[in-house]
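Below: the structure, in structure tokens.
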Amino acid sequence: MSSAPLLPTVSNFIRTIIDNDLAAGLHKNIITRFPPEPNGYLHVGHAKSICLNFGLAQDYQGKCNLRFDDTNPEKESEEYALSIQEDVRWLGFQWEGNVHWASDYFDDLYRFAVELIDKELAYVDDLTSEEMREYRGTLTLPGKNSPYRDRSVAENLDLFARMKAGEFADGARVLRAKIDMASPNINLRDPAIYRIRRAHHIRTGDKWCIYPMYDYTHCISDALEGITHSICTLEFEDHRPLYDWVLDNLSIACHPRQYEFSRLELHYTITSKRKLLQLVNNKLVSGWDDPRMPTIQGMRRRGYTPAGIREFSKRIGVSKSGNSVDMAVMEGAIREDLEAIAPRVVAVINPLKVTITNYEGALTREADFHPNHPEFGRRMVAFGPELFIEADDFSELPPAGWKRLTLGGEVRLRHSYVMRCDEAIKDVDGHVIELRCSIDHATLGKNPEGRKVKGVIHFLSCAHALPAEIRLYDRLFTVAEPDADREVDFCSYLNPDSFTIVWGWVEAAVQDSTPETAYQFERLGYFCTDRRDHQPGLNLVFNRTVTLKDSWTKS
RNA sequence: UGGGGAGUCGCCAAGUGGUAAGGCAACGGGUUUUGAUCCCGUCAUUCGUAGGUUCGAUCCCUACCUCCUCAGCCA
């Protein structure tokens, strides 16, 4: 491995807390956890959380658990759980020991609920959900006590046991924590902690017909696993008093502390599970792994690398302030990784035919796969009497500063000769359809004498080029914050040009590459062979991961 | 109009009583057979606003402004 200098990690408020806790001897080692609900695919926001939780464990030589918050059987599936594990591993992390499941604690959770009832801190409520909503009050008005709030311990114990035994219909009763119906924090107005739901659970099957709620489950799960720092996003900030209330009132020695950070917003995309699902269901994208999707599966198929995503996560930092990160941060991080690992090859995606009028005696030449990594090896760069060049690299009426090919002008063919364009052949509409050019035979591997050639363009020998399907991806939305305006449907901002298929040509060196191989197509960008559709030697399919930085076209 | 949070360069983000780190972007310049990479340089007299305390404030105090978030038997 490379011996990159260990850059000092940027401080953030969570690291400060951990440093203080460790210094104070509160913990010997830290234990974090990544707690997804298996009800959807992971996206870039989860990637941030994964990098944070697993990264912290790594940096502090602690541990990080993977725990599925599987308390809502109606929405959860094995498919999602499997995909999530794959994503975490793909990102380069390994959880401590076995995968944990909140459902592993269902027996404990039930036992603790009984303890709460015994302490007169929980009661069975017969109110319907509508009635409960009315009793709850509003943001500015206090709630009022349920008429069932003062049932005896014995009655509650009996009712709760019968809830578990399946004596009541779904939704008929609920177990509630007895806290304070007048609390200004609505989460503390006797929150439901158990509901009756006859649904098949992915892990426990039909064993249970009552399921614990998130607020009640999460803190106990954390405590049971000995989590030291329970890190979640800002919307759970108001839930922290409940998290603490539950643990303070139960006979569990461990009391993890919850800390909240702001969730990621990325320009030109969305990070809402619900909206992502909407794109998939309405077939506005090809699926969860559509390369335009900000899902981990989508980014992976696009060609984003684990190291690139980890670097992105490091660059954006962690804080509590609202943020919307520039896509350039992601692209910069991805490019940095790809720059180091991707072999350089040539592809022409918008071909213009060139006939070399003085081809006789022309030679081929070897070229490195990477200008800074000779260990990547070399390959022959085929040459021939007919070439493809990029149509964009020729201009009859070049703008100021143009360094590429023009009528009568010279340009360096990458890894080959200096070539002059002598004639442009046009069709009846006046479009250039072919160029007739001549090469300077004295310029293979050396500069021409008496003149300078500024421009370098890439090319492919027609006889040696392989046809390939090339999928060009661009930002999914036309505006930086597509869901900023509640009045406007975010779908109306979908970018119609976010996906273009093009049939181009690639050099033979890529012929046998396996799916998910990254390349730099020189002067065009980073591409990777498609994970699903690319077939080595048979059907070459490339996805554009990200373009190269370009200081020409933008000016 | 209740509760809980947040406001430091275009975008992120450190700093939290001693005179504004870093990254991304941008902009100059150098190297270059990728207009890439790489290198070098520039880029906040100022920290939401207004007062106050202090020798000294982004940091402490007061008031105000703006934004986010909470009324699922979802997580």
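Atom set for the values below is all heavy atoms of this structure, side chains included, hydrogens, waters and symmetry mates excluded. Every value quoted in this text rests on a predicted model; they were computed, and no experiment measured them. Residue numbering restarts at 1 for every chain, and letters A, B, ... go by the order of the sequence lines.
- Looking at heavy-atom distances under 4.0 Å, A:H239 makes contact with a base.
- For a distance-only test at 3.5 Å, the side chain of A:R173 fails to qualify as a donor-acceptor partner of the base of B:C73.
- For B:C27 and B:G18, the P atoms lie 37 Å apart once the distance is rounded to whole Å.
- In the set B:C12, B:U34, B:A75, B:U34 carries the atom at the smallest distance from any side-chain atom of A:P371.
- Counting non-hydrogen atoms under 4.0 angstrom, A:S324 reaches the backbone sugars and phosphates but no base.
- Here the closest non-hydrogen pair linking A:S77 and A:I202 is CA-CG2, 3.7 Å.
- The listed nucleotides are B:C70, B:C24, B:A36; the one nearest the side chain of A:V329 is B:C24.
- Residue-level contact check: A:L548 touches the bases, meaning some heavy atom is under 4.0 Å from a base atom.
- B:C59 and B:U46 have their P atoms separated by 15 Å, given to the nearest Å.
- Distance from the side chain of A:V174 is smallest for B:C73 among the nucleotides B:A36, B:A75, B:C73.
- In the set B:G3, B:U34, B:A75, the nucleotide with an atom closest to the side chain of A:P184 is B:G3.
- The residue among A:E336 and A:L127 whose nearest nucleotide of RNA chain B is located toward the 5' end is A:E336.
- At the heavy-atom level, A:M327 lies nowhere under 4.0 Å from the strands shown.
- Whole-Å rounding puts the A:E237 CD to B:A75 P distance at 20 Å.
- As rounded to whole Å, 5 Å separates atom P of B:U34 from atom CZ of A:R414.
- When the nearest nucleotides of RNA chain B are assigned to A:K320 and A:V325 by heavy-atom distance, the more 5′-ward of the two goes with A:K320.
- Minimum atom distance to the side chain of A:R404 is reached by B:G35, of the listed B:A36, B:G35, B:A75.
- Using cut-offs of 30° and 60° on the angle between ring planes, the pair A:H370 and A:H373 is perpendicular.
- Looking at heavy-atom distances under 4.0 Å, A:R263 makes no contact with the nucleic acid at all.
- In this structure, A:Y211 reaches neither bases nor backbone, as no heavy-atom distance under 4.0 Å exists between it and the strands shown.
- A 3.5 Å limit on both hydrogen-bonding distances identifies B:C70 as the Watson-Crick or G-U partner of B:G2.
- Residue-nucleotide stacking is not present for A:Y214 and B:A75, judged by a side-chain ring centre under 5.5 Å from the six-membered base ring centre and planes under 30° apart.
- Each of A:D440, A:L363, A:I356 was scored for a side-chain contact (heavy atoms from CB on, under 4.5 Å) with A:Y417, with one residue passing: A:L363.
- Distances shown here put every side-chain N or O of A:K549 at or beyond 4.0 Å from the OP1 or OP2 atom of B:G35.
- Regarding contacts with the backbone of B:A75, a side-chain N or O of A:R195 is found under 4.0 angstrom from either OP1 or OP2.
- Nucleotides B:U37 and B:G7, compared at atom C1', are 38 Å apart to the nearest Å.
- For A:E522, whose side chain is taken as the heavy atoms from C-beta onward, the closest listed nucleotide among B:C24, B:U34, B:A75 is B:U34.
- B:C39 atom C1' lies 14 Å from atom CD of A:E339, rounded to whole Å.
- At the heavy-atom level, A:G445 lies under 4.0 Å from base atoms of the strands shown.
- Taking atom C1' on both nucleotides, B:G10 is separated from B:G52 by 34 Å, rounded to a whole Å.
- Residue-level contact check: A:G401 touches the bases, meaning some heavy atom is under 4.0 Å from a base atom.
- Here B:G72 is the nucleotide among B:C74, B:G72, B:A36 with the atom lying nearest to any side-chain atom of A:R133.
- Of all nucleotides present, only B:C65 satisfies the Watson-Crick or G-U wobble test against B:G7, with each distance under 3.5 Å.
- Of the N and O atoms on the side chains of A:Y304 and A:E331, not one donor lies less than 3.5 Å from an acceptor on the other residue.
- Within 4.0 Å of A:T71, counting heavy atoms only, lie sugar-phosphate atoms of the nucleic acid but no base atom.
- Using a 4.0 Å cut-off between a side-chain N of Lys or Arg and a carboxylate O of Asp or Glu, A:E336 and A:R315 qualify as a salt bridge.
- Residue A:Q520 is classed as a base contact, given a heavy-atom separation below 4.0 Å to a base.
- A gap of 33 Å separates the P atoms of B:G5 and B:G23, to the nearest Å.
- Regarding contacts with the backbone of B:G15, a side-chain N or O of A:S11 is found under 4.0 angstrom from either OP1 or OP2.
- For B:A13, one of the phosphate oxygens OP1 or OP2 lies less than 4.0 angstrom from a side-chain nitrogen or oxygen of A:S321.
- Nucleotide B:G29 carries an anti base; the chi torsion (O4'-C1'-N9-C4 or O4'-C1'-N1-C2) is more than 90° from 0.
- In this entry the distance linking OH of A:Y216 with P of B:C74 reads 17 Å, nearest Å.
- For the pair A:F527 CZ and B:A36 C1', the interatomic distance rounds to 13 Å; values are reported in whole Å.
- Atom-to-atom, CG of A:L405 to C1' of B:G35 comes out at 15 Å; the value is rounded to the nearest Å.
- Here the closest non-hydrogen pair linking A:V348 and A:E390 is CA-OE1, 3.4 Å.
- Within the 4.0 angstrom heavy-atom criterion, only backbone atoms of the sugar-phosphate kind lie near A:N12; the bases stay farther away.
- The six-membered or imidazole ring of A:Y214 lies near that of A:H218, with a centre-to-centre distance under 6.0 Å.
- If you take atom C1' in B:G56 and the same atom in B:G17, they sit 8 Å apart, rounded to whole Å.
- Contact annotation: A:R523 side-chain N/O to B:G35 OP1/OP2 distance is under 4.0 Å.
- Remark: A:T140 is not in phosphate contact with B:G3, judged by side-chain N or O atoms under 4.0 Å from OP1 or OP2.
- Between A:R263 and A:E235, at least one side-chain nitrogen of the basic residue sits less than 4.0 Å from a carboxylate oxygen of the acidic one, meeting the salt-bridge criterion.
- An OP1 or OP2 oxygen of B:G3 is reached within less than 4.0 angstrom by no side-chain nitrogen or oxygen of A:S183.
- Using a 4.0 Å heavy-atom cutoff across all strands shown, A:V453 reaches no nucleic acid atom at all.
- Taking 3.5 Å as the limit, the base of B:G3 and the side chain of A:D238 contain a donor-acceptor pair of atoms between them.
- Atom P of nucleotide B:U69 and atom CZ of A:R486 are separated by 5 Å, given to the nearest angstrom.
- Residue A:S319 has a polar side-chain atom (N or O) positioned under 4.0 Å from OP1 or OP2 of B:A13.
- Distance check on atom P: B:U53 versus B:U62 gives 15 Å, rounded to whole Å.
- Between A:R136 and B:C70 there is no side-chain polar atom (N or O) within less than 4.0 angstrom of OP1 or OP2.
- B:U54 and B:U69 are spaced 41 Å apart, taking the P atom of each and rounding to whole Å.
- Rounded to an integer number of Å, the gap from CG of A:L413 to P of B:U34 is 13 Å.
- Using Watson-Crick or G-U wobble geometry with both donor-acceptor distances under 3.5 Å, B:C38 finds its partner in B:G30.
- Remark: aromatic rings of A:Y135 and A:Y148 are distant, center separation not under 6.0 Å.
- When the options A:D126, A:D125, A:D215 are evaluated for a salt bridge (Lys or Arg N to Asp or Glu O under 4.0 Å) with A:R176, the one that passes is A:D125.
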